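Notes follow the structure.
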Amino acid sequence: MNNARKKLVLVGNGMAGVRTIEHLLKLAPQAYEVTIIGAEPHPNYNRIMLSSVLAGGATLQEIVMNDWDWYEQNGIRLLAGHRATSLDTKKKQVTTDRGEALEYDKLILATGSNPFMLPLPGADKEGVIAFRDISDCEKMIEASKKIRNAIVIGGGLLGLEAARGLLHLGMDVSVVHINGYLMERQLDETAAKMLQSELERQGMKFLLRKNSSAVLGRKRVTGLAFSDGTEASADLIVMAVGIKPNVELAKSAGIEVNRGIVVNDWLETSAEDVYSVGECAEHRGIAYGLVAPLYEQGAVLAKRLAGAETAGYEGSVTSTKLKVSGVDVFSAGRYDEPAGSRALRYQDEVDGVYKKIVLQDDKLIGAVLFGDTGDGAKLYSVMKNGESVKGREKELLLGIAPGQPGSDPTERLKQLPDDEIICGCNGVSKGAIAEAILNKGCASVGEIKACTKASGSCGGCKPQVEGLLAIYAGENAVDVKEGICGCTPLGRDEIVAEIRRMKLKSIKEVMNVLEWSQPEGCSKCRPALNYYLGMLWPEEYKDEKESKITNERYHANIQKDGTFSVVPRIYGGVTSPAELKKIAEVAEKFDVPMVKFTGGQRLDLLGVKKEDLPRMWEELDMPSGHAYGKTLRTVKTCVGSTFCRFGTQDSISMGIRLEKEFERLNTPAKVKLAVSGCPRNCAEATIKDFGVVAIDGGWELHIGGNGGVHVRATDLLCVVKTEDEVVEWAGAFLQYYRENAQWNERTSTWVERIGLDAVKAALQGKEARAELYARIRRTLDLTTDPWKQIVEDGTLRKNFEPLAEAETV
Ligand SMILES: Cc1cc2nc3c(=O)[nH]c(=O)nc-3n(C[C@H](O)[C@H](O)[C@H](O)COP(=O)(O)OP(=O)(O)OC[C@H]3O[C@@H](n4cnc5c(N)ncnc54)[C@H](O)[C@@H]3O)c2cc1C
Ligand SMILES: NC(=O)c1ccc[n+]([C@@H]2O[C@H](COP(=O)([O-])OP(=O)(O)OC[C@H]3O[C@@H](n4cnc5c(N)ncnc54)[C@H](O)[C@@H]3O)[C@@H](O)[C@H]2O)c1
Ligand code: SF4
Ligand code: FES
């Protein structure tokens, strides 16, 4: 009966508090009437993933962990956007900033931390922010659209992840660090230096051993001064110099606080019926700042509140991984070699690998891995178990060399014991994942995540979860069709089918009719819908510029430093002295800092200011090379029979014809073509989306190649005799790809996904080919050159004018 339920109030709608409630609901769903007070105006979201949002790996909608419905379905009253301002432990009452007084039988304080802001003179200026919540993340994304120079103070985990995100957003980023090397709380100097080199290679700059003394600027920040008398300029300063537990509410209520709210092994505070979990809690002198220990605390507290038997919380050994793509860093336990410990090290400067393990009394007490973190989970588990590693030290350090028996990742997973922790963030063991697959019927990573939480936080363990799925579910593992983004459960094929069936003609209409959860969509679905609608209704649909990615909005590639590049179209890579002269004159006139030949045989004018773009294109008076878009980029050609003694066909004219035929075509992802004049294949046609290779008496047509990150050689589609046939097959192939691939899916992935036979079957029939070709021609006939249009249209030109003044962040 509802009346008999005790009142449980949780202050803090964050990761630790809500996790505790989730556990409690499983153990004793009817025991409490739950109210959650949360200062942020959002449902509970994955704070960890804010770094991914900044770095473009996820959208804000995607990081929500418990949506509004979850609270309702579980009968939880959520006061989102309300702050608890006072606590009376005698009356057992919490009062909010809106004046509401809530009585409790049990109270959990899970108020997290506040970012530590250096108390520098001028730190209150506009443009100085922290990186803690959604609102900070949004501020940085907004700022990156208007300003260029950012300084991140603090070279710890948070500072480096913030800096990587800002780099991704096109900013020039310097990290100011007080220490002589980065992440000194997680790494030793050797690993830190290797990390620094890798981040420098990615474009990050570092100012080490710098003590900030003042924030410069009038109303808005313009720079940072240091105690050694030097200065650095900045339009944005992000402070990431640590956190301090948020203890104000507890302190004002007379509860014992130290650095954090002091709790015992059952998470009880000094006040009766008041508990605390998360970053705000201090247990045995430690206030943790990572989710894994906070979740462990939550599990103990939930059992306690449910009246279940439980051992107390005894503290945690922690491990961390830096979430920066292209960098593998792992650190756990006492990496700092305390007195009485011994360390074993391995360093390979050729492959950029460094490993160190720290031992004490024959036990593993710490580890640092750089470059190869594959053994991180294993080391962490050995460390947590506290087992003796006598005689195994070197094996632990070196792991199993590639090529040796047992180096196969699947084999390694099979050999792990059941209690090995696979997901560090959520404390999920191999055994628990196996149980979810074998006994609870989980057949996809998504289902395992829903059942165990594994892979639901930082995502670092996803490859292992996938590996276990392959081992235990085998052929029963399903590749679950997920929605194209967090706004819809519908996949690409369903959306396209519905747009066709219901003749939906605008993005808004699609979102309304197909019941998008976010009325405005997100950065994943908007450009995808824009593409699908344009592909399906070429005559009627008006391209929505705002739904395109930056490069396509500006019709130019944005560069690392915020400038743009200009790449005029040079058909087949063939130019003339007059054309070269014109390009050179424009480059000189606009002070272009660099002119470079691209891999696709084009000329790239790099370092162009946004405001110069329209005038440069006007003076060049050449078609756009579309070097920025999801479209036909280039047709690379070799010399061919015109000049080459091996050439059997005229690859140059074939290439130019293909480029003129298909330029300006919008495609799901970029498309590159090449034509070689003989099987020596100097134009590298077999790593292109559509490659043409001349053979005696005809042409081989190849599809689905890629020379980028995931190199893939093409599949041979067919052999044809004439140039007309080459063009017809190319058109039919490109249109079939346009109509069937997912937005942002390269032909290499697409061909692999649907299979070569499916493509062959679709293009085999002459009639089918003719229809596809007719459809692509209809689309091509409607295209215009974007730069010609911008140059001639005063309103469009205005978009390229400089901003009057940097605006408030
Ligand atoms: C960008 C970023 C990346 C991170 N990456 C990782 C990672 O990779 N791995 C990892 O383990 N950890 C990571 N962390 C740390 C991790 O997010 C935190 O340890 C975790 O979120 C702490 O959970 P919590 O519930 O204690 O606090 P929080 O998640 O901060 O929740 C506390 C909530 O309480 C609210 N609150 C505070 N006072 C009141 C009040 N008086 N009334 C009402 N509400 C109140 C706050 O607004 C907040 O929403 C990261 C943190 C950040 C910022
Ligand atoms: N991948 C992850 O696990 C991850 C990612 C982000 C954040 N977090 C967590 O979020 C919390 C906050 O992270 P953080 O990096 O801010 O905290 P931190 O305490 O780990 O690191 C702060 C860094 O700032 C430096 N610093 C301190 N004062 C400075 C000054 N005046 N000038 C320049 N540098 C200075 C310190 O030397 C230290 O390296 C931590 O608990 C962290 O564990 C974890
Ligand atoms: S592919 Fe053949 S025709 Fe073309 S340049 Fe090379 S050798 Fe000459
Ligand atoms: S290790 Fe972070 S989600 Fe599993």
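First listed ligand is number 1; within each ligand, the first listed atom is number 1. In this chain, residues are counted from 1 in sequence order. Predicted model only: the values in this text are computed from it and were never measured.
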Look at atom 29 (C) of ligand 2 and say which protein heavy atom is nearest, naming residue and atom and giving the distance to 0.1 Å. Val241 CG1, 3.4 Å
Check: Asp133/Tyr45 side-chain N/O donor and acceptor closer than 3.5 Å: no
Which residues and atoms, counting only protein N, O or S, are under 2.8 Å from atom 6 (Fe) of ligand 3? Cys682 SG
Mind listing the closest non-hydrogen atom pair of Leu54 and Ala162 along with its distance? CD2-O, 3.8 Å
Numbered atoms and elements of ligand 2 in range of Ile153, under 4.0 angstrom, heavy atoms: 32 (N), 33 (C)
For ligand 2, is any non-hydrogen atom under 4.0 Å from Arg185's backbone (N, CA, C, O), its side chain (CB onward), both, or neither? side chain
Looking at Lys636 and Gly599, would you say the former's side chain and the latter's main chain have a donor-acceptor pair under 3.5 Å? yes
Do we get Lys210 above Phe226's six-membered ring, with its NZ or CZ under 6.0 Å from the centre and within 45° of the axis? yes
Distance flag, aromatic centroids of His702 and Phe690, threshold under 6.0 Å: no
Which heavy atom of the protein is the closest neighbour of atom 10 (O) of ligand 2, given with residue, atom name and distance? Gly289 O, 4.1 Å
Which residue is it: Asp328, Leu157, Leu187? I am looking for the one with a side chain to side chain contact (heavy atoms under 4.5 Å, CB included) to Leu322. Leu157
Which segment of Glu184 sits under 4.0 Å of ligand 2 when only heavy atoms are counted: side chain
In sequence, state the C-alpha distance, the side-chain angles, and the governing distance for Asp372 and Lys355, and then conclude on salt bridge (charged side-chain N to carboxylate O under 4.0 Å, His left out). CA-CA 8 Å; Asp372 173 6; Lys355 299 180 178 191; 3.5 Å; yes
Would you say Val176 contacts ligand 2, with heavy atoms under 4.0 Å as the rule? yes
Distance-minimising heavy-atom pair for Leu294 and Ala16: CB-CB, 4.0 Å
Any nitrogen or oxygen of Ser51 lying under 3.5 Å from a nitrogen or oxygen in ligand 2? Just yes or no. no
Please walk me through it: do Thr320 and Gln186 pass side-chain hydrogen bond (donor to acceptor under 3.5 Å, both in side chains)? CA-CA 8 Å; Thr320 49; Gln186 291 82 18; 5.0 Å; no
List ligand 2 atoms under 4.0 Å from Gly242, heavy atoms only on the residue side. 14 (P), 16 (O), 17 (O), 19 (O), 22 (C)
So which bit of Leu290 gets within less than 4.0 Å of ligand 2, heavy atoms only: side chain, backbone, both or neither? side chain
Mind listing the protein N/O/S atoms less than 2.8 Å away from atom 4 (Fe) of ligand 4? Waters don't count. Cys423 SG, Cys461 SG
Run Asn246 and Thr111 through side-chain hydrogen bond (donor to acceptor under 3.5 Å, both in side chains) and show every step you take. CA-CA 6 Å; Asn246 187 351; Thr111 46; 4.6 Å; no
What part of Asn179, side chain, backbone, both or neither, has a heavy atom within less than 4.0 angstrom of ligand 2? neither
When distances are taken from atom 15 (O) of ligand 2, the protein heavy atom at minimum range is Leu158 N, 3.0 Å
Hey, are Thr686 and Asn681 close enough side-chain-wise for a donor-acceptor pair under 3.5 Å? yes
